[in-house]
Amino acid sequence: TRTDAALQSLRANRIGPRMRGPITKWGRKIFKVLVLPALDALAGPAVEAIVGAIERKHRQELIRGLTPENYRMKVGTPFVDWRALDGQRSLLVVHGIFSTTEGVLSQLPEPAMRELAAHYGGRMIAFDQQTVSRSTEQNARFFLETLQREAAGRKFEFDILCHSRGGIVARTLAERGAALVPGLKCDFRKVFFVAAPNNGSVLADPDHMVEMIDV
């Protein structure tokens, strides 16, 4: 909501001149050269703890079922019908940073979701994850360890539909899943990337922090 309001203001040229004043320019330089490194060194662990607590409060970490009826809704109960997925190709949806399953799929037309459900015989799940206080490796490990714990002895085969940071989670699953959780029978056949930062992202580069704050 804040981003949308900021963009509308920028388009209307309401704050453009003020953003480029001398005080702002010097303030940005001071922030980048002095304040940001100091914050990183002194307050890093505390900030991580605060961010983690906030994310755990507002974002869940579980594997949920996905249907044409619930794909735009938050589902707080974990998927349990692992037997239906055993030995058959299934679809896994992985959302991106700051997002949720219902958020990333909210604009997808219902006929498209029904077509996916028909193609996979209803075998669809989604991975709700914490994307700021967890690394992509931690996300992937959580998914695989859940399969290992809840569906021991079964064999899984997934296609992945992923967006944004979810693409890096998907690559971690497909490329390093066997090393993260050895012995799990889980193959990833196809990955469909939507706006995934496979060549990196400026969000991960501290040199671009000021530009991100400007936006």
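Sequence positions, counted from 1, serve as the residue numbers for this chain. Just so we're clear, the structure is a prediction, and the values are computed from it rather than from any experiment.
At a threshold of 4.5 Å between non-hydrogen side-chain atoms, the residues Thr172 and Leu180 count as touching. Put simply, the side chain of Gln130 does not reach to within 4.5 Å of the side chain of Gln138, judged on heavy atoms. Residues Arg72 and Met113 are not in side-chain contact: their nearest non-hydrogen atoms beyond the backbone lie 4.5 Å or more apart. The shortest distance between side-chain heavy atoms of Val104 and Thr100 does not fall below 4.5 Å. Side-chain contact check for Leu92 versus Phe143: some heavy-atom pair is nearer than 4.5 Å. Contact check for Leu85 versus Arg154: no side-chain heavy atoms found under the 4.5 Å cut-off. Taking the side chain as every heavy atom from C-beta outward, Ile63 and Asp128 never approach each other to under 4.5 Å.
Within the 3.5 Å criterion, the main-chain N or O of Gln88 finds no donor-acceptor partner in the side chain of Tyr120. Using a distance-only test at 3.5 Å, with no hydrogens or angles considered, no donor-acceptor pair links the side chain of Thr77 to the main chain of Val75. Side chain of Glu55 to backbone of Ser133: a donor-acceptor contact under 3.5 angstrom is found. The closest donor-acceptor contact from the side chain of His95 to the backbone of Gln129 lies under 3.5 Å. In this structure, the side chain of Arg89 does not engage the main chain of Asp159 through any donor-acceptor pair within 3.5 Å.
When all heavy atoms are compared, the tightest approach of Ser99 to Arg59 is O-NE, 3.4 Å. Across all non-hydrogen atoms, the minimal contact from Gly96 to Ser164 is CA-CB, 3.8 Å. When every heavy atom of Arg171 is checked against every heavy atom of Asn198, the shortest pair comes out as CD-OD1, 3.0 Å. The nearest pair of heavy atoms linking Trp82 to Glu150 is NE1-CB, 3.5 Å. Nearest heavy atom pair, residue Arg123 against residue Ala84, reads CD-O, 3.3 Å. For the residue pair Gly167 and Ala196, the shortest heavy atom distance occurs at CA-CB, 3.9 Å.
Hydrophobic clustering (ILVMFWY, side-chain heavy atoms < 4.5 Å, transitive): Phe79 and Phe156 are in one cluster. Using a 4.5 Å cut-off between side-chain heavy atoms of Ile, Leu, Val, Met, Phe, Trp and Tyr, with links allowed through other members, Leu116 and Phe192 fall into the same hydrophobic cluster. Under the 4.5 Å side-chain heavy-atom criterion for ILVMFWY residues, no single connected hydrophobic cluster contains both Leu161 and Phe193. Residues Val94 and Leu144 share a hydrophobic cluster, clusters being chains of Ile/Leu/Val/Met/Phe/Trp/Tyr side chains in contact below 4.5 Å. Connection of Leu91 to Leu147 is not established within any shared hydrophobic cluster, with ILVMFWY side chains joined at heavy-atom distances below 4.5 Å, either directly or through further cluster members.
No option in Thr136, Thr131, Asn139 other than Asn139 meets the side-chain hydrogen bond (donor to acceptor under 3.5 Å, both in side chains) test with Arg165.
From Ser135, atom OG reaches atom CD1 of Ile168 across 12.0 Å, with rounding to the nearest 0.5 Å. Note that CG of Leu62 is 10.5 Å distant from CD1 of Ile125, once rounded to the nearest 0.5 Å. Taken to the nearest 0.5 Å, the NE2 atom of His163 stands 11.0 Å off from the CD1 atom of Ile97.
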Residues 181-191, side-chain donor-acceptor partners within the protein, below 3.5 Å, at least two apart:
from   : atom 1 : to     : atom 2 : distance (Å)
Asp187 : OD2    : Lys155 : NZ     : 3.1

Margin query: Val132 vs Ile54, test: side-chain contact (heavy atoms from CB on, under 4.5 Å). Steps then yes/no.
Written below: CA-CA 10 Å; Val132 181; Ile54 293 172; over 6 Å; no
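A salt bridge links Arg64 to Glu102: at least one charged side-chain nitrogen sits closer than 4.0 Å to a carboxylate oxygen. A salt bridge is absent between Arg149 and Glu145: the closest approach of a Lys/Arg side-chain nitrogen to an acidic carboxylate oxygen does not fall below 4.0 angstrom.
Heavy-atom neighbours of Glu69 CD from other residues, nucleotides or ligands within 6.0 Å: above the threshold of 12.
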